[in-house]
There are 2 protein chains.
Amino acid sequence: MNSSSLTHTYSIGDLAREFDVTTRTIRFYEEAGMLTPARNAQTRIYSDQDRIKLKLILRGKRLGFSLAESRELIEMYDPASDNARQLKALQAKIRQRRAALEQQLNDIRVMQHELDAAEQRCQQALQGLEARTKTTKPE
Amino acid sequence: MNSSSLTHTYSIGDLAREFDVTTRTIRFYEEAGMLTPARNAQTRIYSDQDRIKLKLILRGKRLGFSLAESRELIEMYDPASDNARQLKALQAKIRQRRAALEQQLNDIRVMQHELDAAEQRCQQALQGLEARTKTTKPE
DNA sequence: CGTTACCTTTACGTTAACGTCAACCATGCA
DNA sequence: TGCATGGTTGACGTTAACGTAAAGGTAACG
């Protein structure tokens, strides 16, 4: 109707397909209080906002965060807090998260090098096998 | 005895303290077939090798890997396989892992920027509060 | 008007990764 | 000698994060 209204809506199935999760999973996140889609009678209707939140949850999941942790991360997005104490607490959490991410970055770098080494060993083992199949008979 | 014998051993408590896990956790990893410490009668005796394996498991955990996935990673360390088919499979897994790590790297970078932004919003909110406490009375 | 495709709620089941006893040895030391 | 410390094996409990099945509602399609 309104071409300037760029605010899409999604069914639960739409989101499930897009992010490759089951509808059960999405409903579970709602039970956990992490999503609060609008309703058309019984049927859930998801906004772009909801979609973004789901995206954040799933990214958190890929990084090994629990739902509780992801919830915290999401809450950092709108410091609706007008309370200095809460804001300080939020900053502390941000610092914690940052440290955890640094640790993960390190872990990943180390693991990448180890994968490099593992792959080289694989290559060499394969070349060793191939060399032998040219001189000795395979089976 | 032998000063060149740099092969330390550890009790289960040693390792638990070093890595900040419970002994139950370490025994659980053994049940799962991921650790096979030597024994002095009943008592478990961990070698440097065992310690490294535990380290790998815990790093995997920090990266959100399941124990099964960590097990695969650890198996990549000794391509004891003399079978070309297995080596190919191992290479495929290495590629998979690498892709997952790339994804994680991206996730982390994005999340770091978002934490930056969140922190700025916090700062501004706090400064906003402070400004008002100088003109209007607090409480 | 039946069936197909989605959607709903309710509710019990499952798996991973440990936690938490209990009941029991071994060892050093005050 | 007693007891604190640290180790052992069961075995059952717990929590998170969904899976799965049952029973039903609605809208479009042929």
Side-chain angles (χ1 to χ4, degrees), chain A residues 8-47 50-51 53-75 97 100 103-104 107, chain B residues 8-47 50-51 53-75 97 100 103-104 107:
Chain A
H8 302 177
T9 68
Y10 311 86
S11 76
I12 195 170
D14 290 343
L15 294 184
R17 262 181 303 274
E18 175 173 0
F19 294 110
D20 195 30
V21 297
T22 68
T23 60
R24 175 67 179 97
T25 296
I26 297 179
R27 291 199 194 93
F28 176 76
Y29 294 155
E30 183 176 347
E31 279 180 51
M34 321 220 15
L35 292 174
T36 46
R39 299 271 179 148
N40 179 0
Q42 297 275 66
T43 304
R44 274 162 255 250
I45 298 180
Y46 295 87
S47 67
D50 295 321
R51 183 173 159 281
K53 277 194 185 178
L54 178 55
K55 210 173 188 172
L56 293 178
I57 296 171
L58 296 176
R59 191 176 65 202
K61 196 180 168 189
R62 284 198 302 274
L63 291 175
F65 294 175
S66 72
L67 282 187
E69 288 171 320
S70 287
R71 182 203 314 263
E72 280 193 357
L73 282 169
I74 291 175
E75 281 166 3
R97 283 282 133 237
Q103 170 71 292
Q104 283 204 336
D107 286 341
Chain B
H8 302 177
T9 69
Y10 312 85
S11 76
I12 195 168
D14 291 343
L15 294 184
R17 261 181 304 274
E18 176 172 359
F19 294 109
D20 195 29
V21 297
T22 68
T23 60
R24 175 67 179 97
T25 296
I26 298 179
R27 291 199 193 94
F28 175 77
Y29 294 155
E30 184 176 347
E31 280 180 51
M34 320 220 15
L35 293 174
T36 45
R39 298 272 179 147
N40 179 359
Q42 299 275 65
T43 305
R44 275 162 255 250
I45 299 181
Y46 296 87
S47 67
D50 296 321
R51 184 173 158 282
K53 277 194 185 178
L54 178 55
K55 211 172 186 173
L56 293 178
I57 296 171
L58 295 175
R59 191 176 65 202
K61 196 181 168 188
R62 285 198 302 274
L63 291 175
F65 294 175
S66 70
L67 281 187
E69 288 171 320
S70 287
R71 182 203 314 261
E72 279 193 357
L73 283 169
I74 290 175
E75 282 166 2
R97 284 281 134 238
Q103 170 72 295
Q104 284 203 335
D107 286 341

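Values reported hereafter were calculated over all heavy atoms of this structure, with side chains retained and with hydrogens, waters and symmetry mates removed. Bear in mind that the values here come from a model prediction, so they are computed numbers and not experimental data. Chain identifiers are assigned alphabetically (A, B, ...) following the order of the sequence lines, protein sequences preceding nucleic acid strands; residue numbering begins at 1 within each chain.
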Here the distance between atom P of C:dC6 and atom CD1 of A:Ile26, to the nearest Å, is 14 Å

Which comes earlier along DNA chain D counting from the 5' end, the contact point of B:Thr23 or that of A:Phe28, where each point is its nearest nucleotide? B:Thr23

Between CD of B:Glu31 and C1' of C:dT15 the distance, given in whole Å, is 15 Å

The test is salt bridge (charged side-chain N to carboxylate O under 4.0 Å, His left out); show your working for A:Asp20 and A:Arg17 and say whether it passes. CA-CA 5 Å; A:Asp20 195 30; A:Arg17 262 181 303 274; over 6 Å; no

Whole angstrom is fine here: how far is it from CE in B:Met34 over to P in C:dC18? 11 Å

To the closest 0.5 Å, what do you measure between CG (B:Leu58) and CG (B:Leu54)? 4.5 Å

Which one, D:dT8, C:dT8, C:dG19, comes nearest to the side chain of B:Thr22? C:dG19

From A:Gln103 CD over to B:Arg62 CZ, what is the distance, rounded to the nearest 0.5 angstrom? 4.0 Å

Under the 3.5 angstrom rule, does the side chain of B:Arg97 hit a backbone N or O of B:Glu72 as a donor-acceptor pair? no

Expressed in angstrom and rounded to an integer, what is the separation of B:Gln42 atom CD from D:dT8 atom C1'? 6 Å

Are any of the side-chain nitrogens in B:Glu31 or B:Arg24 under 4.0 Å away from the carboxylate oxygens of its partner? yes

When rounded to the nearest 0.5 Å, the distance separating CG of B:Leu56 from CD1 of B:Ile74 is 5.0 Å

In terms of side-chain heavy atoms of A:Lys61, which of D:dA17, D:dC18, C:dC7 is nearest? D:dC18

Consider the side chain of B:Arg39, meaning its heavy atoms from C-beta on, and name the nucleotide among C:dC18, D:dT8, C:dC7 that approaches it most closely. D:dT8

Across nucleotides 21-28 of chain D, 5' to 3', mark each nucleotide with B, S or - according to how protein heavy atoms within less than 4.0 Å reach it. --------

Taking atom P of D:dA16 as reference, at what distance in whole Å does atom CZ of A:Phe65 sit? 18 Å

To the side chain of A:Leu67, which of D:dT8, D:dA17, C:dT8 is closest? D:dA17

Taking CZ from A:Arg17 and C1' from C:dC7, how many angstroms apart are they, rounded to a whole number? 12 Å

Roughly how far apart are A:Phe19 CZ and A:Ile26 CD1, rounded to 0.5 Å? 8.5 Å

B:Asp14 CG - D:dT5 C1' separation (whole Å): 13 Å

Under 4.0 Å from OP1 or OP2 of D:dC18: is there any side-chain N or O of A:Tyr29 that close? yes

Quick one: which of C:dT8, D:dT8, C:dC18 gets closest to the side chain of A:Arg27? C:dT8

Against the side chain of A:Thr25, the closest entry in D:dC18, D:dG7, C:dT8 is D:dC18

Nearest-Å distance for atom pair CD/P, residues B:Glu69 and C:dT15: 17 Å

